[in-house]
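Presented below is the structure to which this report refers.
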Protein chains: 2
Amino acid sequence: MTVTTLHTPSHREALWELESAFDRGDLITVFGECSVEYEGRAASTLGLGNRLLVLKPDGSALVHTDEKRTPVNWQPPGSTHHAAVRDGRLRVRSERTSPDETLTVRFTAVHQLSAMGVTGGRDLEVTGSEADLRRRILEDPDLVEPGFEPTAVERDSAAGPMDVFGVDASGTAVVLELKRRRVGPSAVSQLARYVDAVAEEPDRDPDAAVRGILVAPSITDRAAELLADRGFEHVALEPPEPETPGAETKATDSAEAAEPKAETTEPEEPKAETTEPEAETLGTETASDDDEPIEADAPEPSGSASRESQQ
Amino acid sequence: MTVTTLHTPSHREALWELESAFDRGDLITVFGECSVEYEGRAASTLGLGNRLLVLKPDGSALVHTDEKRTPVNWQPPGSTHHAAVRDGRLRVRSERTSPDETLTVRFTAVHQLSAMGVTGGRDLEVTGSEADLRRRILEDPDLVEPGFEPTAVERDSAAGPMDVFGVDASGTAVVLELKRRRVGPSAVSQLARYVDAVAEEPDRDPDAAVRGILVAPSITDRAAELLADRGFEHVALEPPEPETPGAETKATDSAEAAEPKAETTEPEEPKAETTEPEAETLGTETASDDDEPIEADAPEPSGSASRESQQ
DNA sequence: GCCTAGGTCCCGTAA
DNA sequence: TTACGGGGCCTAGGC
């Protein structure tokens with residue numbers, strides 16, 4: 001693995017290294033004293049200070065201070081990086097079009113410049129998303145309510161696509177809005193938009209009701225009021241098992257669901273999903289182990305360092 | 001400025017340096033081959049690959065690949081960083097509570113480790129925000145429509161706080177929802193929530209109308225339909241500044257300082273709107289200069305480098 | 001701590 | 001390209 005590093009380089013030296021790093025497609029970090037300007041969708045200025053600039057080969061640019069997860073300034077992927085020496089400073093500029101945006105970083109001093117060849121390994125696997133929650137519901141629609149039958153996912157409406165659409169035990173249309181986490185008023189509005197759109201569809205009996213159900217781990221008080229005003233309902237449900245199944249079971253919210261689920265029997269054959277119903281335990285991991293047995297069990301064999309946050 | 005850098009250190013050496021860097025409150029970058037695990041609100045795994053790990057003294061942690069502006073994994077500020085050598089690997093772990101979340105980065109090889117003392121300079125000045133749009137409207141309410149009078153900002157309702165509340169020339173209540181950029185259906189829903197909440201306030205004449213106006217640079221077709229369905233209106237207006245109306249005028253700090261903002265301190269009570277709103281020309285720049293005269297005019301005196309995005 | 005909404009949101013997906 | 005909605009969103013401002 002090639003890593004090129006310059007310590008307190010002159011602007012010319014830094015410029016030269018940036019040039020070749022751009023050519024190599026390296027990931028670049030520049031640490032130094034700089035001011036930053038941005039102009040595009042908005043505009044901003046940032047006075048002199050020490051920051052870390054990261055330039056990625058895909059055109060991304062990040063300016064980080066010593067605080068916050070979000071960069072103080074940035075440029076999204078697809079931008080074009082330029083470097084030059086102007087007015088006695090090293091200027092790095094990242095530009096893009098549609099929208100036209102320019103990020104300019106002017107270094108009065110470069111403390112360190114590194115260029116690294118980075119390759120692949122971007123295959124992140126995530127669990128606990130709204131898609132996981134949807135899978136869970138499609139596999140066992142009774143979790144929403146006994147007799148619920150999903151008929152479509154992402155069904156389009158005049159107000160946009162609905163997460164899940166279906167009918168209840170009495171044949172009434174039901175719109176589900178799913179959220180992976182606790183939600184507020186905006187989720188109720190979103191649900192209302194879809195329900196209203198369905199209710200007004202021309203081929204529908206104007207007198208036929210359309211139910212709206214917000215499926216989320218929990219909702220705020222205000223959201224509950226708005227939900228009640230519209231005659232909508234809330235079903236407490238969350239994505240399956242982001243926490244490891246072994247220990248640390250946190251099904252605390254299940255109490256909110258209250259409704260004794262009449263045992264998760266064979267789903268009413270949800271047309272759209274004929275998968276084996278036993279998959280209700282989709283979160284199971286064979287031979288699950290605790291978080292890190294090797295490390296957790298081992299006594300400190302080689303020392304350890306820690307630091308407390310000081311915000 | 002102190003910068004400590006280790007090249008291809010042993011895990012023990014890296015651990016030692018991390019320890020002291022934590023103590024110093026340095027900003028740390030670690031570049032190497034690693035796998036990443038996250039567990040908390042969701043969970044994720046990332047296989048072996050070369051990445052850049054950034055550890056901030058405020059407890060933030062970022063794992064960056066060679067692509068995207070968003071880190072592939074991260075930890076927000078307030079987390080606590082730990083380092084240790086386990087199973088022949090350098091393990092960096094960042095944990096936080098409420099919610100409980102853990103980020104674990106295991107390095108099989110460290111190509112470079114740097115620690116930098118970063119100080120201050122976080123005073124970012126931004127223009128073009130929704131707050132700027134609101135200022136613009138409060139300074140000249142006629143931009144919304146002739147005779148409009150704002151009476152409150154962030155006025156609370158049963159559905160949440162409204163951006164601007166006021167009355168039109170005929171005395172009818174008006175709710176404004178402001179957006180700094182082009183908007184879709186969600187903004188219409190948001191406006192509808194507020195209008196409905198105001199309309200149902202007990203002390204209000206049930207027959208009295210409440211108007212809803214969406215103030216944004218533009219809206220999508222679907223948003224326009226939803227807006228029309230509800231009888232709401234759209235006023236095309238954007239924040240002052242970010243877009244360059246004339247010839248690349250970009251509000252240098254000097255111009256802003258020169259701007260007689262005088263008592264522009266939030267007319268909380270615009271009722272007494274007797275003042276002649278000469279501030280209508282708030283977008284004017286005195287002695288505007290082009291983007292960067294020194295650099296732009298100068299011919300390439302010292303070389304330049306550029307790189308095209310390759311995505 | 002929770003709630004509410006903005007953001008240069010970023011990002012993926014589909015039309 | 002635009003549109004639309006999810007996100008481990010993050011962040012700021014109230015309460």
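Sequence lines set the chain letters: A, B, ... in the order given, protein chains first and strands last, and positions in each chain run from 1.
Using atom P as the reference point in both D/dG8 and C/dT4, the two lie 23 Å apart (nearest Å). As rounded to the nearest Å, C/dT8 and D/dC4 have P atoms that lie 22 Å from one another.
Picking from C/dC10, D/dC10, C/dG6 the nucleotide with the shortest atom distance to the side chain of B/P76 gives D/dC10. Side-chain atoms of B/V126 lie closest to C/dT8 of the nucleotides C/dA5, C/dT8, D/dG8. Among the nucleotides D/dC4, C/dA5, C/dT4, the one closest to the side chain of A/R222 is C/dT4. Ranking D/dG6, C/dC10, D/dT11 by closeness to the A/E130 side chain, first place goes to D/dG6. Among the nucleotides D/dG8, C/dT8, D/dC10, the one closest to any side-chain atom of A/Y38 is C/dT8. The side chain of A/W74 sits closest to C/dT8 out of D/dT1, C/dT8, D/dG5. Of the listed nucleotides (D/dT11, D/dG8, C/dC9), D/dT11 has the atom at the smallest distance from the side chain of B/P77.
Here the C1' atom of nucleotide C/dT8 and the CD atom of A/E37 are 15 Å apart, to the nearest Å. Atom pair A/L214:CG and D/dG6:P shows a separation of 11 Å (rounding to whole Å applied). One can place CG of A/L124 at 13 Å from P of D/dG7, the figure rounded to the nearest angstrom. Rounded to an integer number of Å, the gap from A/D221 CG to C/dG1 C1' is 14 Å. Here the P atom of nucleotide D/dG8 and the NZ atom of A/K179 are 13 Å apart, to the nearest Å.
Ion pairing between A/R193 and B/D229 fails under the 4.0 Å rule for side-chain N and carboxylate O. Of the charged side-chain nitrogens involved, none lies within less than 4.0 Å of a carboxylate oxygen, so that B/E177 and B/R211 do not count as a salt-bridged pair.
Between the side chains of A/T65 and A/R51, not a single donor N or O lies within less than 3.5 Å of an accepting N or O.
A/R180 places a side-chain N or O within donor-acceptor distance of the main-chain N or O of A/G128, the cut-off being under 3.5 Å. Side-chain atoms of B/Y38 come within 3.5 Å of backbone atoms of B/A42 as a donor-acceptor pair (strictly under, hydrogens ignored). A donor-acceptor pair under 3.5 Å is absent between the side-chain atoms of A/D58 and the main chain of A/P77, judged by distance alone.
As judged by a 4.0 angstrom heavy-atom cut-off over every strand, A/N73 is placed among the base-contacting residues. In this structure, A/R134 reaches neither bases nor backbone, as no heavy-atom distance under 4.0 Å exists between it and the strands shown. Here A/Q75 lies out of heavy-atom contact (under 4.0 Å) with every strand. Across all strands shown, A/E101 has heavy atoms under 4.0 Å from base atoms, whether or not it also approaches the sugar-phosphate. Across all strands shown, B/E177 has heavy atoms under 4.0 Å from sugar-phosphate atoms exclusively, and none from any base.
Non-hydrogen atoms lying under 4.0 Å from DNA chain D are contributed by B/R182, B/P185, all within residues 181-189 of chain B.
Judged by closest nucleotide on DNA chain C, B/P161 is the one of A/S44 and B/P161 placed further toward the 5' end. Nearest-nucleotide assignment on DNA chain D puts the 5′-proximal partner with A/T97, out of A/R69 and A/T97.
Checking each of A/R181, A/R182, A/E238 against A/S218 for a side-chain hydrogen bond (donor to acceptor under 3.5 Å, both in side chains) leaves exactly one that passes, namely A/R182.
Contact annotation: A/Y194 side-chain N/O to D/dC4 OP1/OP2 distance is not under 4.0 Å. Between B/T220 and D/dA3 there is no side-chain polar atom (N or O) within less than 4.0 angstrom of OP1 or OP2. Between A/R96 and the phosphate of C/dT8, there is no side-chain N or O to OP1/OP2 separation shorter than 4.0 Å. A close approach under 4.0 Å does occur between a side-chain nitrogen or oxygen of B/Q190 and OP1 or OP2 of C/dG6.
Between B/K179 and B/P217, the shortest heavy-atom distance links the atoms O-CD, 3.4 Å. Nearest heavy-atom pair across B/R69 and A/Q75 is CG-O, 4.1 Å. The shortest non-hydrogen separation linking A/V126 to A/D132 is O-OD2, 4.3 Å. Among all heavy-atom pairs drawn from B/H64 and B/T70, the shortest one is CE1-C, 4.0 Å.
With a 3.5 Å limit on both pairing distances and Watson-Crick or G-U wobble geometry required, the stems of 3 or more pairs in DNA chain D span C:1-7 with D:9-15, C:9-15 with D:1-7.
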